> 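Encoded as C-alpha cells, here's the structure I'll be asking about.
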Amino acid sequence: MVAVTMRPASGGPPLGCLLALRFLTLVLWNVPGAWALDNGLAMTPTMGWLHWERFMCNTDCNEDPDSCISEKLFMQMADLMDSDGWKEVGYEYLCIDDCWMAPERDSKGRLQADPIRFPSGIRHLANYVHSKGLKLGIYADVGKKTCAGYPGSLGYYDIDAKTFAAWGVDLLKFDGCYCDSVEQLANGYKNMSLALNNTGRSIVYSCEWPMYMWPFHKPNYTEIRQYCNHWRNFGDIYDSWESVKSILRWTSSIQKTLVSAAGPGGWNDPDMLVIGNFGLSWDQQITQMALWAIMAAPLLMSNDLRQISLQAKTLLQNKDVIAINQDPLGKQGYLLREEDNIEVWERPLSNLAWAVAVVNLQEIGGPRSYTINVASLGQGLACNPACLVMELLPVKTKLGFYEWTSCLKTRVNPTGTVLLRLERN
Ligand code: GAL
C-alpha cells in the first residue's frame with residue numbers, strides 16, 4: 001500500500017532546512033522540486049505511447065476499422081511495442097486517451113468500455129498488455145464529461161479509481177474539461193490522487209491541472225507536484241512545427257517556474273511526441289526529440305507503429321538521447337541564451353555531465369554556423385578544466401576534447417538541432 005505524503009525526492013533536504021538556506025531562490029532553481037507524490041512512480045519521465053494526437057476520437061469502426069479507437073488498435077500497438085524494439089529502449093506504457101467509454105455508466109455507476117469497440121473489456125486488454133511486458137494507461141476527466149463528451153468522473157472519483165485498479169490499469173491521464181470552478185478542478189485532481197492511492201495499486205497519475213488553471217491564476221506547482229506524477233501546462237500539441245515551436249517558446253518564457261517544479265516523481269509534460277507522422281520535417285523531428293530530452297519530458301509517442309519510417313523509428317529509439325531524457329539526476333534543462341535566432345539549451349546530468357542543444361530557428365537560408373565558448377556552458381563547470389564532447393544528433397560523432405578556453409563550432413540546419421553531450425574531464 002502506498003501513501004501520499006510529502007517527501008524529499010532523491011535525498012533532498014527537509015523543508016525546514018530549505019527555508020533556513022540563505023539563497024533560497026538559487027536552491028529552488030538548482031534543485032528540482034524537492035517534494036513529490038510519494039507513490040514511488042515516475043522516478044524518471046514516463047515513456048510510452050498515447051493514442052490522442054494520431055488517432056483522436058475516431059470511433060467509426062465501420063468506415064475505418066484499422067484506425068478507430070478499439071481494443072484491436074491497442075493490441076496491435078502492444079504487439080509492435082514488444083516486437084519492434086520499443087519496449088527494450090524504455091517505451092513501456094501503452095495509453096488509451098479519450099473516447100474509449102460507453103456513453104453511459106453501468107447499473108452500479110461504473111465506467112464501462114464501449115461494448116462494440118472493446119468487446120473483451122479493459123480488464124482483458126490490460127492482461128494482454130501485461131502479457132507483453134508492458135503497462136496500460138487509461139483516460140478519464142475530473143469534471144462532468146470528458147472533453148469529447150463521454151461520462152466524467154465528478155462525483156465518482158472513488159468508484160472510478162477502484163474500477164481502474166480492478167482492471168489492472170497502470171496509468172491514469174486525468175483531463176480537466178467540464179469543471180464549474182477552479183476550486184472544483186483543484187479538489188477533483190487532489191481527490192482522484194487520494195482515491196488512486198487508496199486502491200493500493202501503483203498507478204501513474206498524469207494531470208492537466210495547471211493547464212486548466214493558467215487562465216485563472218498561476219498554478220501552485222508545489223501543490224501540484226504533491227499530487228501528480230506529471231502535468232500538462234500548455235495546450236494540445238498538433239502535428240506541426242508551429243505547434244512544437246509554440247510549446248518551446250512558452251516553456252522557455254516561464255522556465256524558472258517550470259524547471260524548479262520538475263524532478264524525480266513529478267515532471268512537466270509538454271505533450272506527445274509527434275515524430276513519425278506527417279507534419280514535421282526531418283530536422284524538426286530531431287528538434288522535438290532533442291528538446292523533449294532536454295526538458296525531461298515524458299516521452300509519449302502518438303504515431304502509428306504499424307507504419308513508421310525507419311528514420312523516425314531510429315530517432316525515437318536513439319539510446320543516447322533517451323539516456324539524456326531518463327537521466328537519474330532528474331533535473332529539467334532550460335534555455336541558456338538566444339541570439340540571432342539561435343537558441344542554446346542545456347541540462348545538467350548525473351556524473352557532472354551536461355547536455356547541450358543548439359537550435360536554429362531561422363526559417364530562411366541554409367545551415368548556419370554557431371560557435372560556443374565552452375566556458376559559458378554548464379554554469380562554467382561543464383568543461384572546467386576540459387570536457388569530452390559527443391554529438392548525439394543529427395549524427396553520432398565524437399567531437400573530441402575541449403579545454404575551458406576553447407570554442408566549439410556547430411552547424412545547424414534551419415529548424416534543426418545539434419544535440420551534444422559533454423562529459424567532464
Ligand atoms: C484535451 C487534452 C488532449 C486529449 C483531449 C481528449 O483536453 O488536452 O490531450 O486528451 O482532451 O478529448
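From a predicted model like this one, the values you see are computed outputs, not experimental measurements. Note that ligands are numbered from 1 as they come in the structure, with each ligand's atoms numbered from 1 the same way.
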> Mark up the atoms of ligand 1 that fall under 4.0 Å of a heavy atom belonging to E208, in ascending order.
2 (C), 8 (O), 9 (O)
> Can you tell me which portion of D175 lies within the under-4.0 Å heavy-atom range of ligand 1? Options are side chain, backbone, both, or neither.
side chain
> Please enumerate all residues that pass ring-ring contact (aromatic ring centres under 6.0 Å, His included) together with Y91, with sequence neighbours excluded.
W86
> With heavy atoms under 4.0 Å as the rule, classify the contact between F234 and ligand 1 as side chain, backbone, both or neither.
neither
> Filter on disulfide bond (SG atoms under 2.5 Å apart), then keep only pairs touching residues 181-256, sequence neighbours left out; what's left?
C207-C228
> Any salt bridge between R368 and D340, counting N to O under 4.0 Å?
yes
> Need the ligand 1 atom indices (1-based, order shown) with element for anything under 4.0 Å from a heavy-atom of D97.
4 (C), 6 (C), 10 (O)
> Ligand 1 and Y212, any nitrogen or oxygen pair closer than 3.5 angstrom?
yes
> Using a 4.5 Å cut-off on heavy atoms from C-beta on, say whether the side chain of F174 contacts that of S206.
no
> Do any N/O atoms on D271 end up under 3.5 angstrom from N/O atoms on ligand 1?
no
> Tell me: protein heavy atom nearest atom 3 (C) of ligand 1, and distance?
D236 OD2, 3.4 Å
> R306 and Q76: side-chain hydrogen bond (donor to acceptor under 3.5 Å, both in side chains), yes or no, with the steps?
CA-CA 8 Å; R306 298 166 301 189; Q76 287 180 348; 2.6 Å; yes
